Amino acid sequence: MKQSVLFILLFVSLGRIAAQNAEQCVAIAREQMALGNNVVARQMFQRVLFFDRKTYGIECYRELAELNLRTGNFGQSAFYFDLTYQNAKSDSAKNEALVQKAGALLLQEKYTEARREILLIQDQTEEWRKRKLLYLGACSYGEKDFVTSEKVFLQIVGDSANAQRAEVKKHFKKAKKINRKKPKTAKVLSMVLPGAGQLYAGDYRNALNSFGLNALMAYWFIYTTQTFTLGDAVLSTGSWVFRYYAGGYQRAPLLTEEVKDKKLKDNFQSLLRTVQAQ
Amino acid sequence: MQLTTLFRIVAFLIGATAALPAQDLFNYSNSLQYAKYLMRSGNYEQAGWEYQRLVYLQPQNDTFKIQLLKSYRLGQAYDAVEQQWQSWRQTTTLRPEIHEEYAKSLLFSGRAQEAIVFAATPGMLTEPAASQMAFYSHVLLQNWSEAKAQWANWPLNKPLPGKATIGELFQRAEATRYKKPWVAAGLSAVIPGAGKAYTKDWADGAIALVFVGLNSWQSYRRFSNEGVRSVWGWFHGGFAAGFYIGNIYGAHKAARLYNGRQKHKLQHEAERIIYPVIR
Amino acid sequence: MKFTILSCLILSSWTLLPAQRPADYQLLDRAFEQKKKQRLTERFSESKQNKNELQLLLSGLFLTYKTVISSQDQNRCSFTPSCSEYGLLAVKKMGVIKGGISTFDRLTRCNGLSGKNYQIDPQTFHLIDHPRW
């Protein structure tokens, strides 16, 4: 009897150790991923997918998505989270995959696509309702739809927390104010007075830089006109004057967008801290 | 039958069934299946690793050796082909097919000159592979006279797909005209920009003419107005000289680049014809 | 009694530890993060590793030009590396005379009309033209 048990144990363990089956491959791949050997881990997962997609598909998809997220391949990550979602069995697993995919899309600043995923979340439980709202609010904020986003965040905070409601409202007031700046206005302002558009955008260094450079060019032009002739000035300095004048009003709208983007992101992070403090 | 024997048989069956689903993903048949899939899907790097294992599992199987070299070559790991082939050559005698795979790698990695020498080395390639490799190398190296001579007595068992195209290639090679760098430079020395016009870079030549012309004119005016001590006169003069010399050099370089582009076009055409044949 | 107080204290101190942000908040924080700005010497790595005083001076002038002047102009150079970068690289690679001559030639080629002669950089859509004699 004892011998027989030993026999069984021996065969079972032989089956597990001598051969590297799919389950062991997944375990090894996970280990490699934890060690940071992403290339090896990726190849292991792909191998398992080739041989046993049925049993280990969902695990491999999830891990590959995680791996791509870590290495900054957000597009690939979203692709694998989508496969995870398609293969998930339970509602909560499906929801989790959707959130992850939306996250990968948000990291690429694809807010509308992310929202499409979030809307698929089944929010039967209170926890999922809250998480769905949080992501919806973030997507709307990214799309610069501050009215919707504000409503969503107020819903998250709840009716009773008055101090926090005020904080949320303050943040959205600020966001709307930042968003009011128009690139076109900056362009026109810089056409009228070099540097003015940059000042309007809130980029003081470039405002001073553009103004100073254009002033120098203007001085050079006028000096040449007075010392020689207008023709001389146009010939020798004209192209330079135009180069920096045009550069100023071409760059002002881009700078406006840049500064706006930066300020809006800062504002959102501050908003997140407020909401989380709940 | 004794009870213990029965128990042993039962135990064996249970153990065996437990071991069965635990299929080894790295065994011979699975490696082969995966390697073939990886080759088909163009993942040559990983396919190479599979064939390495297969070569290790069945050292006597030459097909795997050829496939291993091929996976390296298609994955553009030409150094790996070189190292692997050298190490095999030192330990065993290789079949001509393996040498042929190495020769292909030479052609793909732009070492056609070495491929010619290799094809002529006795004991490496057999006919007609040796003559074929030599012909391909001459075409890729644009040794047109040699290539034509070999093409004249081509019927070497394996015809090239689309015989007409190689004839067209020879015609194109004959029709290609090259620019002489020193003529371009000389033209630019006489009239700024003319050398660039000669190499068909009209816009660059025109701009050079305008830059040299405007700067010399400004310099002349400043010097005639203010005398030799005019700072702006020297400034514009310096720029005029710079653009003038720069353009002479530029015309020389433009002719060289023009010739390079013509060669490159022919090269592209040659590779388009040759590479699919030896793939 | 002493033990109870001590254990209460230890237990309560756990709440003072900074709470880990929930995963959702961490992810959203990352999604709305500022892009890190590259340092000037990182962006224009050709300004590093100067072999002599002349190269140091040229690199300094180049960086000043990039920050104060080139940052304000129309972005019109059709090449990568741009003409100023080409100038610095050429002088570093081939010396003042050869580098200067090829830079003058480059300036006349920077006209946006002979694009067919160059390969295009897929990232910036500029024409690729590295200095070489």
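Letters A, B, ... mirror the listed sequences (proteins, then strands); counts begin at 1. Note that the coordinates shown come from a computational prediction; the quantities given were computed from them, not determined experimentally.
- Considering only heavy-atom pairs separated by less than 4.5 Å from chain C, the leading option among Asn209(A), Asn206(A), Leu107(A) is Asn209(A).
- Salt bridge Glu113(A)/Arg116(A): absent, no basic N to carboxylate O contact under 4.0 Å.
- Between the side chains of Gln198(A) and Ser190(A), at least one donor N or O lies within less than 3.5 Å of an accepting N or O.
- Checked against the 6.0 Å centroid threshold, Tyr249(A) and Tyr245(A) count as a close aromatic pair.
- Only the side chain of Phe74(A) has a heavy atom closer than 4.5 Å to any heavy atom of chain C.
- When heavy atoms are compared at a cutoff of 4.5 Å, Asn214(A) does not approach chain C at all.
- Aromatic ring centres of Tyr86(C) and Phe79(C): separated by at least 6.0 Å.
- With salt bridges taken as basic N to acidic carboxylate O contacts below 4.0 Å, one links Lys48(C) and Glu42(C).
- Per-residue counts of heavy-atom pairs under 4.5 Å with chain C were compared for Lys265(A), Glu109(A), Arg251(A); the largest is that of Arg251(A).
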Start with the C-alpha gap between Phe172(A) and Asn267(A), add the side-chain angles, then the distance that decides, and say whether side-chain contact (heavy atoms from CB on, under 4.5 Å) holds. CA-CA 9 Å; Phe172(A) 276 100; Asn267(A) 188 44; over 6 Å; no
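- At a 4.5 Å heavy-atom cutoff, the contact between Tyr111(A) and chain C is made by side-chain atoms alone.
- Phe268(A) touches chain C through its side chain: at least one heavy atom from C-beta onward sits under 4.5 Å away, while N, CA, C and O do not.
- Across Leu106(A), Val99(A), Leu134(A), Asp261(A), the residue that shares the most heavy-atom pairs under 4.5 angstrom with chain C is Leu134(A).
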